[in-house]
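What's counted below: heavy atoms across the whole structure, side chains too, no hydrogens, waters or symmetry copies.
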Amino acid sequence: MSPLIVAFRRTVLLVVVAAVVGTVVSRRRGSRSIPEPRSAPVWPPLDTTPNNTTPIVADPPPISEAAWLPPNADGSLPDGHLVKAKDSSKIFHVPGGRFYDRTTPDRCYRSAVDAEADGYRRSKT
C-alpha cells in the first residue's frame, strides 16, 4: 500500500477512536446526579430592643485645648503643638522626620493622633 493510504487509514481510525471516547465521557458526565441544593439557612431573629446600658450624656465634656493651632506670626510653633501639617498635601510631619525642619506648617497639632483624626496622613519619611 502507498504511504498516503496508510496515513489516511490511521487518521480515520484516530477520528473514530476520539469520537467513541468523547461519547463515553459525555454520557458519563450526563448520568451523574446533580446534588440537591441545601435549604436556606435559618437565622435567629435580630434583637431590636434598645440597649439601655449606655448612659445618655446631655452635654459632651468641654475640650480644654484646641487640637490644632496656626503657627505663630514669626513662623515658630505654639507651645505643645510640635506636629507640623500642610493643608495643600494633607501630610503631617513629626519631630525627627526627614522633612520636619524644612516644612512650614499651615496647622500645628499636639500629636500625630490628632492630625490623623483631622484627615491628614503621616509623612512617609
Side-chain angles (χ1 to χ4, degrees):
M1 276 196 216
S2 76
L4 187 61
I5 294 175
V6 172
F8 179 73
R9 283 185 173 177
R10 286 183 179 170
T11 305
V12 170
L13 181 63
L14 182 65
V15 169
V16 169
V17 169
V20 170
V21 169
T23 303
V24 169
V25 168
S26 67
R27 288 192 180 186
R28 284 194 171 210
R29 284 187 181 169
S31 68
R32 289 184 190 163
S33 63
I34 298 173
E36 293 294 322
R38 292 183 181 179
S39 62
V42 178
W43 298 99
L46 294 176
D47 183 18
T48 57
T49 58
N51 184 0
N52 293 329
T53 59
T54 55
I56 298 174
V57 178
D59 293 324
I63 298 174
S64 61
E65 189 177 341
W68 69 272
L69 294 174
N72 296 331
D74 62 352
S76 64
L77 302 177
D79 291 335
H81 290 72
L82 299 178
V83 177
K84 298 178 178 182
K86 293 295 288 181
D87 288 335
S88 60
S89 63
K90 290 292 196 180
I91 295 175
F92 68 88
H93 302 271
V94 294
R98 182 174 175 191
F99 299 110
Y100 182 79
D101 295 330
R102 292 178 22 180
T103 303
T104 304
D106 296 323
R107 293 182 175 193
C108 302
Y109 286 92
R110 289 179 289 171
S111 67
V113 174
D114 292 337
E116 286 176 349
D118 218 10
Y120 290 84
R121 71 170 179 82
R122 187 182 195 108
S123 172
K124 293 181 180 177
T125 54

Quick one: side-chain contact (heavy atoms from CB on, under 4.5 Å) partners of I5, sequence neighbours excluded? M1, S2, R9
What's the spacing between L77 CG and C108 SG if we round to 0.5 Å?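 L77 atom CG to C108 atom SG measures 4.5 Å (nearest 0.5 Å).
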Just checking F99: does its CZ atom have more than 12 heavy atoms from other residues, nucleotides or ligands closer to it than 6.0 angstrom? yes
Closest contact, heavy atoms only, P71 versus P105: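 Here P71 and P105 meet closest at CG-O, 3.4 Å.
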Checking K86 side chain against T104 main chain: does a donor-acceptor pair fall under 3.5 Å? yes
Listed partners of P95 passing side-chain contact (heavy atoms from CB on, under 4.5 Å), at least two apart: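 For P95, the residues satisfying side-chain contact (heavy atoms from CB on, under 4.5 Å) (neighbours in sequence not counted) are L82, Y100.
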Table please: side-chain donor-acceptor pairs of residues 116-125 below 3.5 Å, with sequence neighbours left out.
from, atom 1, to, atom 2, distance (Å)
D118, OD2, R107, NH1, 2.7
D118, OD2, Y109, OH, 2.4
Y120, OH, D87, OD1, 2.3
S123, OG, T125, N, 3.4
S123, OG, T125, O, 3.2

Can you measure from NZ (K84) to CD1 (I91) and round to the nearest 0.5 angstrom?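 Reported to 0.5 Å precision, the distance equals 14.5 Å.
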Minimum side-chain heavy-atom gap H93-V83 below 4.5 Å: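 Not in contact.
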Residue set satisfying side-chain contact (heavy atoms from CB on, under 4.5 Å) with P70, at least two apart, ordered chain then number -> W68
Is there side-chain contact between V12 and F8, with heavy atoms separated by less than 4.5 Å?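 The answer is yes, as the side chains (C-beta and beyond) meet within the 4.5 Å cut-off.
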Counterpart residues, side-chain contact (heavy atoms from CB on, under 4.5 Å), relative to V15 (two or more places apart): none
Residue list, side chain to side chain donor-acceptor pair (under 3.5 Å) with D74, at least two apart or on another chain: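 Partners of D74 by the side chain to side chain donor-acceptor pair (under 3.5 Å) criterion, ordered by chain and then number, come out as S76.
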In Å and rounded to the nearest 0.5 Å, what is the CG to CG distance from L69 to D79?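 If I round to the nearest 0.5 Å, the distance is 10.0 Å.
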